[in-house]
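Treat the numbers as computed from the prediction; the structure is a model and nothing was measured. The analysis underlying the following values was restricted to heavy atoms, covering all of them including side chains, and did not include hydrogens, waters or symmetry mates. Here is how names work: the chains are called A, B, and so on, in the same order as the sequence lines, proteins then strands, and each is numbered from 1.
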Amino acid sequence: MATNLEFINQTKATSVTSLDVTGVFTAKYDVYQVHISTDMDGAGYFEIRLLQADDSLANESKYDIASLDLQSNTTFGQYKFINQNGGVGWRGIGGYLDDGDGYGFTLNVFNPFADDKFTIGMAQSGSINNGNLFGTKAIGVYKSTQSIGGMRVTNSSGQTHNYINVTTYGVK
Amino acid sequence: MSEFGYIPEAPEQSFGNNKGIFTPTDIYDLTRADKYTQYGQLELIETVVADDSVAYYDFDNLGDYNVHFLTANNIQGASTTAQNLDIRVKIGGSVDAGANYQFAQQLGNSAGTFSESNSTGFNQFIWLPNVDNETNASANGYAYIYNAIDSTKYTFGTFQTVIKQDVHTPRFSFGSNVYTTANQCSGLRVFLSTTGNIAEATISLYGIKEYS
């Protein structure tokens with residue numbers, strides 16, 4: 001089976017605290033790959049909250065997250081939460097940001113649009129925290145069969161992102 | 001008749017929204033303008049196949065991609081001593097081998113040994129550890145590189161590998177890297193970090209195409 005990425009959408013914003021990416025998950029694909037670049041001078045955890053197919057927040061308290069925080073200057077940490085609410089979502093799935101030096105993040109999403117399956121994410125990232133590398137290898141599961149159409153990219157502390165660029169691909 | 005078979009004027013064209021009848025010239029022009037829908041956004045830039053003649057390969061065409069994807073298939077090093085296949089950025093054509101890199105990686109194997117390693121002052125992106133050329137040995141993996149062409153941001157990387165050495169149980173690694181200088185990279189060097197040539201390898205660099 002040939003496999004490839006098929007561009008769906010790029011959503012951009014500058015000087016915002018969050019960005020909604022809507023209508024990117026559809027019945028056309030089961031698996032998606034999302035690349036996010038951003039920049040934030042203040043400190044906070046990177047968050048992804050899922051949006052339902054009607055663009056409303058996926059608000060059930062069924063977000064699970066587990067991340068191994070790979071730090072260049074200290075012993076690795078863990079970020080984990082069971083049954084997080086929709087107002088927080090997958091907090092920590094892309095680590096911790098500050099310093100305004102850029103960011104790299106890749107998320108693979110499985111079965112978001114299906115209304116009979118949970119939505120599952122696998123992520124890896126690199127960012128800078130207080131001058132040191134803060135990487136992650138993380139999973140997130142939204143233990144709901146709500147049909148998911150998009151995502152909200154934001155952070156845990158209401159900081160302003162200098163920019164957010166979200167590029168979504170379908171995995172053929 | 002105007003462009004694309006429309007009278008009196010053609011509609012605006014964009015990726016995912018092409019209307020009309022297209023001549024080969026139209027397709028060529030629209031493709032160059034990033035306005036023609038061609039699915040397949042994982043775009044191969046270059047593949048190198050090692051033949052035991054050199055210790056490194058330079059990928060000097062990064063295109064205009066914000067995200068790059070590297071694959072390493074069946075890597076075998078210079079000897080039975082474990083070596084690393086790592087990455088350095090090139091700035092203005094020159095390799096930066098200074099202590100301008102940081103990394104953090106998790107290692108593990110099927111015998112149950114897990115460990116972590118990190119550094120805030122390293123001389124390269126780490127990628128594939130424990131590369132050697134024992135019988136049936138093979139190292140494989142991938143890496144994403146972010147912001148390499150952005151002169152205002154650090155260059156980040158993430159990676160995952162699986163390695164089989166003949167005398168050891170299978171092992172994995174994954175982690176993150178950063179090049180802590182805001183600079184536009186002109187290329188990437190994939191190299192064996194100890195003396196000797198890369199005996200076998202297929203290494204590919206892809207760009208992940210975006211449309212704004």
Return a table of donor-acceptor pairs under 3.5 angstrom between the side chains of residues 106-115 of chain A and protein atoms on other chains or two or more places apart.
from: A:T106; atom 1: OG1; to: A:H35; atom 2: ND1; distance (Å): 3.1
from: A:T106; atom 1: OG1; to: B:Y146; atom 2: OH; distance (Å): 2.6
from: A:N108; atom 1: OD1; to: A:Q33; atom 2: NE2; distance (Å): 3.0

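- With a 4.5 angstrom heavy-atom cutoff, B:T37 does not touch chain A via any of its atoms.
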Task: Stepwise side-chain contact (heavy atoms from CB on, under 4.5 Å) test for B:E210 and A:Y169 - done: CA-CA 9 Å; B:E210 300 175 1; A:Y169 302 86; 3.5 Å; yes

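- For A:F7, the parts lying near chain B are the backbone and the side chain together; criterion is any non-hydrogen pair under 4.5 Å.
- Contacts between B:V67 and chain A at a heavy-atom distance below 4.5 Å involve the side chain alone, from C-beta outward.
- If you measure heavy-atom distances from B:T120 to chain A, the contacts under 4.5 Å come from both the backbone and the side chain.
- Both the backbone and the side chain of A:I128 come within less than 4.5 Å of a heavy atom of chain B.
- Looking at B:Y154, the atoms closer than 4.5 Å to chain A (heavy atoms on both sides) sit in the backbone and in the side chain alike.
- Residues of residues 13-34 of chain B that come closer than 4.5 Å to chain A, counting heavy atoms only, are B:F15, ordered by residue number.
- Only the backbone of B:N177 comes within less than 4.5 Å of a heavy atom of chain A; no side-chain atom from C-beta onward does.
- Residue contact with chain A, scored on non-hydrogen atoms closer than 4.5 Å, is absent for B:Q38.
- Interface residue B:I208: backbone and side-chain heavy atoms are both found under 4.5 Å from chain A.
- Remark: the backbone N or O of A:N73 is not paired with any side-chain donor or acceptor of B:Q102 at under 3.5 angstrom.
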